[in-house]
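Written out below as structure tokens is the structure these notes cover.
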Amino acid sequence: LLSDDAAVEQVAAEVLEGARPGATLVEMSTISVAASARVAEDAAAHDVAYLRAPFSGNPGAVRAGNAAIFVSGPPDPAERCTPLLESIAPTVRYVGDDERARVLKLVLQILIGGTAELLAEAVVLGESAGLDRGTLLDVVGASVVGSPFVAYKSDALRNDDYAATFTTAMMRKDVDLVLELA
């Protein structure tokens, strides 16, 4: 997984130069829709199918078996590559053609960032008003806003585990990508 547009475009160009016609390029980074579209044009020029397959899951999600890959691009290569992708993540979902997987990943990233921020704000507010953190997290987790992500973050908050599972720089990059898309 490469971390930004420039790295992906450079590596993809090098891979495509040596690719055989009819091959499939599977790219799994979180990059901009525009950069992905440029890679798609280059792949088409080399008669190579291009699958956008961004990976979703931090190390904790991977260990828990909750990682996912969203795939868009031509359906036949996507179907052929699904067993390979399932060996990487238990959830592989084909979401359509072109840049749909990129858009879906960016939608999830903004929800993850926003949810993490709101959960932190809620914990601070509740604790400052005298609520027990564990009780607060139990209630939030069992409420309509509970989710696997909230449960994962709640476990860390219960244990005062503030180890980074995703860098601020990477989240900022993703937020910038969301703003560019919007």
Side-chain angles (χ1 to χ4, degrees), residues 1-9 11 26-37 52-72 85-96 98-182:
L1 301 173
L2 301 170
S3 64
D4 63 34
D5 289 1
V8 168
E9 289 185 85
V11 170
V26 179
E27 200 291 305
M28 302 180 71
S29 299
T30 302
I31 59 172
S32 73
V33 171
S36 186
R52 298 82 160 161
F55 182 86
S56 180
N58 64 32
V62 170
R63 283 189 295 277
N66 294 326
I69 299 171
F70 310 104
V71 181
S72 63
L85 296 172
E86 287 174 337
S87 73
I88 299 168
T91 300
V92 175
R93 179 169 289 180
Y94 180 74
V95 297
D98 300 325
E99 305 307 323
R100 284 177 173 76
R102 298 283 182 219
V103 172
L104 179 59
K105 177 64 188 285
L106 294 176
V107 166
L108 290 176
Q109 287 304 93
I110 201 66
L111 285 169
I112 287 169
T115 302
E117 192 276 330
L118 287 172
L119 182 60
E121 293 283 344
V123 168
V124 168
L125 175 64
E127 284 186 327
S128 71
L131 289 176
D132 171 72
R133 181 183 295 189
T135 301
L136 182 142
L137 292 169
D138 288 344
V139 171
V140 169
S143 75
V144 296
V145 297
S147 68
F149 181 78
V150 168
Y152 166 76
K153 289 298 180 187
S154 293
D155 288 343
L157 287 168
R158 275 187 189 88
N159 297 315
D160 285 326
D161 178 3
Y162 303 106
T165 59
F166 193 68
T167 68
T168 303
M170 293 296 286
M171 181 52 79
R172 181 175 176 167
K173 176 209 49 130
D174 291 354
V175 169
D176 287 343
L177 294 175
V178 168
L179 291 171
E180 179 184 319
L181 176 64

With rounding to the nearest 0.5 angstrom, report the [atom1] to [atom2] distance, [X] to [Y].
{"X": "F55", "Y": "F70", "atom1": "CZ", "atom2": "CZ", "value": "10.0 Å"}
{"X": "I31", "Y": "K105", "atom1": "CD1", "atom2": "NZ", "value": "11.0 Å"}
{"X": "L157", "Y": "R133", "atom1": "CG", "atom2": "CZ", "value": "6.0 Å"}
{"X": "L111", "Y": "L106", "atom1": "CG", "atom2": "CG", "value": "11.0 Å"}
{"X": "T30", "Y": "L177", "atom1": "OG1", "atom2": "CG", "value": "8.0 Å"}
{"X": "I112", "Y": "F166", "atom1": "CD1", "atom2": "CZ", "value": "8.0 Å"}

Heavy-atom pair with the smallest gap, counting every atom of [X] and [Y]:
{"X": "A67", "Y": "P90", "result": "O-CD, 3.5 Å"}
{"X": "A101", "Y": "S72", "result": "N-OG, 3.0 Å"}
{"X": "S128", "Y": "L125", "result": "OG-O, 2.8 Å"}
{"X": "I69", "Y": "L85", "result": "CD1-O, 3.7 Å"}
{"X": "P54", "Y": "S29", "result": "CB-O, 3.7 Å"}
{"X": "G141", "Y": "V150", "result": "CA-CG1, 4.5 Å"}

Under 4.5 Å between any side-chain heavy atoms of [X] and [Y], yes or no?
{"X": "M170", "Y": "S3", "value": "yes"}
{"X": "E127", "Y": "L136", "value": "no"}
{"X": "N58", "Y": "Y152", "value": "yes"}

Derivation of the side-chain contact (heavy atoms from CB on, under 4.5 Å) call for K153 and T115
CA-CA 10 Å; K153 289 298 180 187; T115 302; over 6 Å; no
Quick one: does any side-chain atom of [X] pair with a main-chain N or O of [Y] as donor and acceptor, under 3.5 Å?
{"X": "Y94", "Y": "G96", "value": "yes"}
{"X": "S143", "Y": "V140", "value": "yes"}
{"X": "R52", "Y": "E27", "value": "no"}

For L181 and V103: C-alpha separation, side-chain torsions, deciding distance, then whether side-chain contact (heavy atoms from CB on, under 4.5 Å) applies.
CA-CA 8 Å; L181 176 64; V103 172; 4.0 Å; yes
Under the salt bridge (charged side-chain N to carboxylate O under 4.0 Å, His left out) rule, what pairs show up with a residue in residues 171-182, not counting sequence neighbours?
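Not a single pair qualifies under salt bridge (charged side-chain N to carboxylate O under 4.0 Å, His left out).
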side-chain contact (heavy atoms from CB on, under 4.5 Å) between F149 and L119, intermediate numbers included:
CA-CA 10 Å; F149 181 78; L119 182 60; 5.9 Å; no
